[in-house]
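FYI, side chains are in, hydrogens and waters are out, and symmetry mates aren't considered; it's all heavy atoms of this structure.
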Amino acid sequence: MKGQAVYIAVAALLAAAAASLSKPAFFLLVGYLLLLFFRRKHLLVPALAAATFFFAYVLIVDHHNKTTLSGDRHTFFIRFSAQPTIDGDRLQAPVKVGREQVQLRYMIRTPAEKEALQTHLVPGTVCRVAGTLERPMPSSNPYAFDYRRYLRLHRIHWLFFPEEIDLSACARDRPTMIEQLVSLREAGVRRIEDHLPPEAAGIAAALIYGERRQLDDSVLDGYQQLGLIHLLAISGGHVTLLVSAVFAIAIRLMTREAAVLTLMAALPVYAVLAGASPPVLRACMTGMIVLAVGWKKGTIHPLDALSWTALALFAFDPYMLWDVGFQLSFAVTFVLLVHFPALAARSMIGRLCETALAAQLAALPILLYHFYEISIWSVGLNVLFVPLYSFVILPLAFVVAALPFPPLVWLFSCLIELTNNVVRFFSVDHPLTIVLGRPEPWCLAVYVAAVVVALLLWERGQLFRGLAAVAMAMVLQLVSPYVDPKGEVTVLDVGQGDCLYIELPHRKAIYLIDTGGTPKIKGERWRERKRPFSVGRDVVVPFLKAQGVRTIDKLILTHDDADHIGAAPEVLKAVRVKEIITSPKALPAIQAMARPFSVPVAAASQGKRWEEDGMTFAVIHPEAGNQDDNNGSLVLFTRLGGLTWLFAGDIEKEAEQALIGIYPHLRADVLKVAHHGSKTSTTEMFLQAVKPRVAIISVGRSNRYGHPSPDVLARLKQQGAVIWRTDENGAIRYLYDRTSGTFQVMKP
């Protein structure tokens, strides 16, 4: 029966996920096989065979995904198999060392060296290089990108830091076919960049070659936020357009059979030229299957073509399952193929609306899991942008890339400027997004069930009832934190800075103590990177969104040092803040910073208290009118989860002595160590008075200040305190209820 291969593909998918130690996937696989036993017995044996094969296959592949190298200094012959990426003064590239790949990172020293490396390091280049191998860092914050896992899924286990890349020790070897295609791709991208304005070049390169390096960050983020990012990914529409155009030309020059064979041979080449991302591979593989069946004068059900494509890609690389592009590509295509007969609209606009809505429903659980929010504008903008890109911008991009005549370049640039302005208008000027957070496994299952119910009801002509089911799933996720009796304290790893998240049980209140900050060091222009790391954008805001935080009740900024408040504007832009509390000295600076966001700011001093849900927070330092810097920072005391907490800001010896004098019986089970463990703080007298059982130090790895001081660590150990440090342990979390709680660290 046609369309039955999908049952086998689903079994393989669940088995591959279960083999990766995913408990929910294991239970889903068992449930799925039981469902086949009762409803599709004739498919149980092939599904069980596929599940068994792929479960064992993934285990075998994972078992052999190991390194034969060791850390420390080495001298290697490395081979550049891809075009290096140069961003400012940093060069990165996956390189081959023998039969293993490592990720090379090199800091460029001069503009002349940058130009030379950009010119001479091409695919196929072999260099003799001395350097150090280091393990990639795992994720150090909840929900953060896990770089070590990402590299492992690409079979890379080491970062290689060369001492120098001496071009006199490099030679061009005979490039492989893949390396020749990669070089051809790079030449095509550079041709586009040479002939088109930057914004237009970025879009054209993304549409033709899958290369996004020229895209402006705000535009790329806007496409992502508005659910339009699929338009910039090469997928089925691109391949269909290309195959149709080439086929129409080819059949005028050769027989139909020869044209089909030519296209089947050309599609793998195009896959490499287009970047070989999972959506590209899916589209090209599906196209090859359809062409192969057509060559034999047969037909194949679209679902079967999609299913055999999935099985082939699983076999090629089972790790592809965890790629978000792979997940979205297959989920949306599957739903559109299954649901297409139910699309009842007769007008083109109506059909576009229905297609956009079906695609949005299919992508919803995946988008929420990876990006935590959805845009209300998404469906409407897809209705506008999909035909514009499919029938105007995409064909014009190919024409302009091949024949960059000035009038065509001008027309293409005007269209891109218009679409980018529309994207900025709806994503930056008038954003309308719902932050829901990352769904828990049970909530993810509810979303999948709600989407299935919605599509089934839609097929029966009950679209609004179906959408109501999805809305109920959203409401369920929205209210779940407010019925959760657990609260949490999380000390985020923000490098050399402070950022503490406090959530009370039943989400009665959310407080953020400081935001961390990225030091801004002015350097030479050629060293500037396109998207430098930002603590606010890359750590704090994603954490808050993943938690489903839409409002912060109090943003407590202990003082106005950049490592405590530098990321505050990014937080204020992304999340509604009811009130900012800061120290007397920092008040003018914080008021100026908060003014564009219309957030009230108040100075707090010794004696200020507030209570929420039976929990009291007290400011015990500084005294009113204190104009010191570190010694004028806010110090808070509270009790959470059966433990007393002292958040000591950046106070030093003098403020510690003052605190002990005013509060001689001050005790704290948990001490957030002052000033990142500086030797000017956390004195022996202070520790003897406070007697902490747990000491948490927020500090950056290999920081230039030498924090935490060995003397401070020795004093804490002498006190018998358990020491956790963000540079070594990553984020530190305390999950608690009314009377007790449990500490967790990201890196034990």
Side-chain angles (χ1 to χ4, degrees), residues 61-62 64-109 113-114 117-118 120-141 144-167 169-170 173 175-176 178-179 182-183 185-186 189 210-213 272 275-278 317-320 322-326 495 527 529-533 538 701-702 730 747:
V61 169
D62 208 53
H64 286 92
N65 187 9
K66 294 178 180 176
T67 180
T68 57
L69 302 174
S70 60
D72 215 345
R73 188 180 184 278
H74 297 270
T75 299
F76 292 126
F77 282 99
I78 61 172
R79 182 186 184 97
F80 289 86
S81 53
Q83 188 70 31
T85 301
I86 297 179
D87 183 14
D89 61 354
R90 184 176 65 187
L91 181 148
Q92 294 192 93
V95 296
K96 286 187 177 180
V97 177
R99 300 182 65 180
E100 188 168 337
Q101 268 200 330
V102 299
Q103 182 72 12
L104 179 144
R105 281 189 181 178
Y106 177 64
M107 299 301 294
I108 302 171
R109 299 167 185 176
E113 184 186 26
K114 180 177 180 177
L117 293 174
Q118 203 159 15
H120 292 93
L121 294 184
V122 296
T125 302
V126 178
C127 299
R128 188 175 187 273
V129 179
T132 306
L133 285 175
E134 293 183 11
R135 286 285 192 180
M137 292 296 296
S139 172
S140 62
N141 285 297
F145 176 67
D146 192 335
Y147 189 51
R148 177 182 287 183
R149 180 175 181 270
Y150 169 81
L151 289 180
R152 187 178 184 278
L153 293 180
H154 288 78
R155 295 170 175 80
I156 296 174
H157 302 273
W158 295 97
L159 298 177
F160 181 52
F161 296 92
E163 296 165 3
E164 182 183 10
I165 298 180
D166 182 1
L167 291 175
C170 297
D173 195 10
T176 65
I178 297 293
E179 289 170 348
V182 171
S183 295
R185 176 178 186 262
E186 179 64 20
V189 172
E211 177 59 65
R212 300 180 183 176
R213 69 191 183 206
V272 177
S277 65
D317 183 6
Y319 292 140
M320 208 176 287
W322 305 111
D323 184 276
V324 63
F326 178 94
R527 292 185 181 274
R529 295 176 188 170
K530 185 180 177 186
R531 189 183 175 98
F533 174 77
D538 299 322
R701 283 175 287 279
S702 305
K747 297 184 288 186

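- A search for salt bridge (charged side-chain N to carboxylate O under 4.0 Å, His left out) contacts involving Arg109 returns nothing, not counting sequence neighbours.
- Counting only residues at least two apart or on different chains, the salt bridge (charged side-chain N to carboxylate O under 4.0 Å, His left out) pairs with a member in residues 82-93 are Asp89-Arg527, Asp89-Arg529.
- Residues forming a side-chain hydrogen bond (donor to acceptor under 3.5 Å, both in side chains) with Arg73 (at least two apart in sequence, or on another chain): Glu163.
- Every residue two or more places apart in sequence or in another chain that forms a side-chain contact (heavy atoms from CB on, under 4.5 Å) with Glu186 is listed here: Gln83, Arg190, Arg213.
- Tyr319 pairs by the ring pair (Phe, Tyr, Trp, His ring centres under 6.0 Å) definition with nothing, not counting sequence neighbours.
- Scored by the ring pair (Phe, Tyr, Trp, His ring centres under 6.0 Å) test, Tyr150 finds Phe145, His154 as partners (sequence neighbours excluded).
- Val324 pairs by the side-chain contact (heavy atoms from CB on, under 4.5 Å) definition with Leu328, Ile366, His370, Phe371, not counting sequence neighbours.
- Applying the salt bridge (charged side-chain N to carboxylate O under 4.0 Å, His left out) rule to Arg212 yields no partners; only residues at least two apart in sequence or on another chain are considered.
- Residues that satisfy the ring pair (Phe, Tyr, Trp, His ring centres under 6.0 Å) test with Phe80, not counting sequence neighbours, are absent from this structure.
- In this structure, the side-chain contact (heavy atoms from CB on, under 4.5 Å) partners of Pro278, at least two apart in sequence or on a different chain, are Met320, Asp323, Phe326.
- Legend: residues meeting salt bridge (charged side-chain N to carboxylate O under 4.0 Å, His left out) with Asp146, ordered by chain and number and at least two apart, are absent.
- The environment of NZ in Lys96 is sparse: at most 12 heavy-atom neighbours from other residues, nucleotides or ligands sit within 6.0 Å.
- Residue pairs meeting the side chain to side chain donor-acceptor pair (under 3.5 Å) criterion with at least one partner in residues 120-141, sequence neighbours excluded, are Ser140-Asp493.
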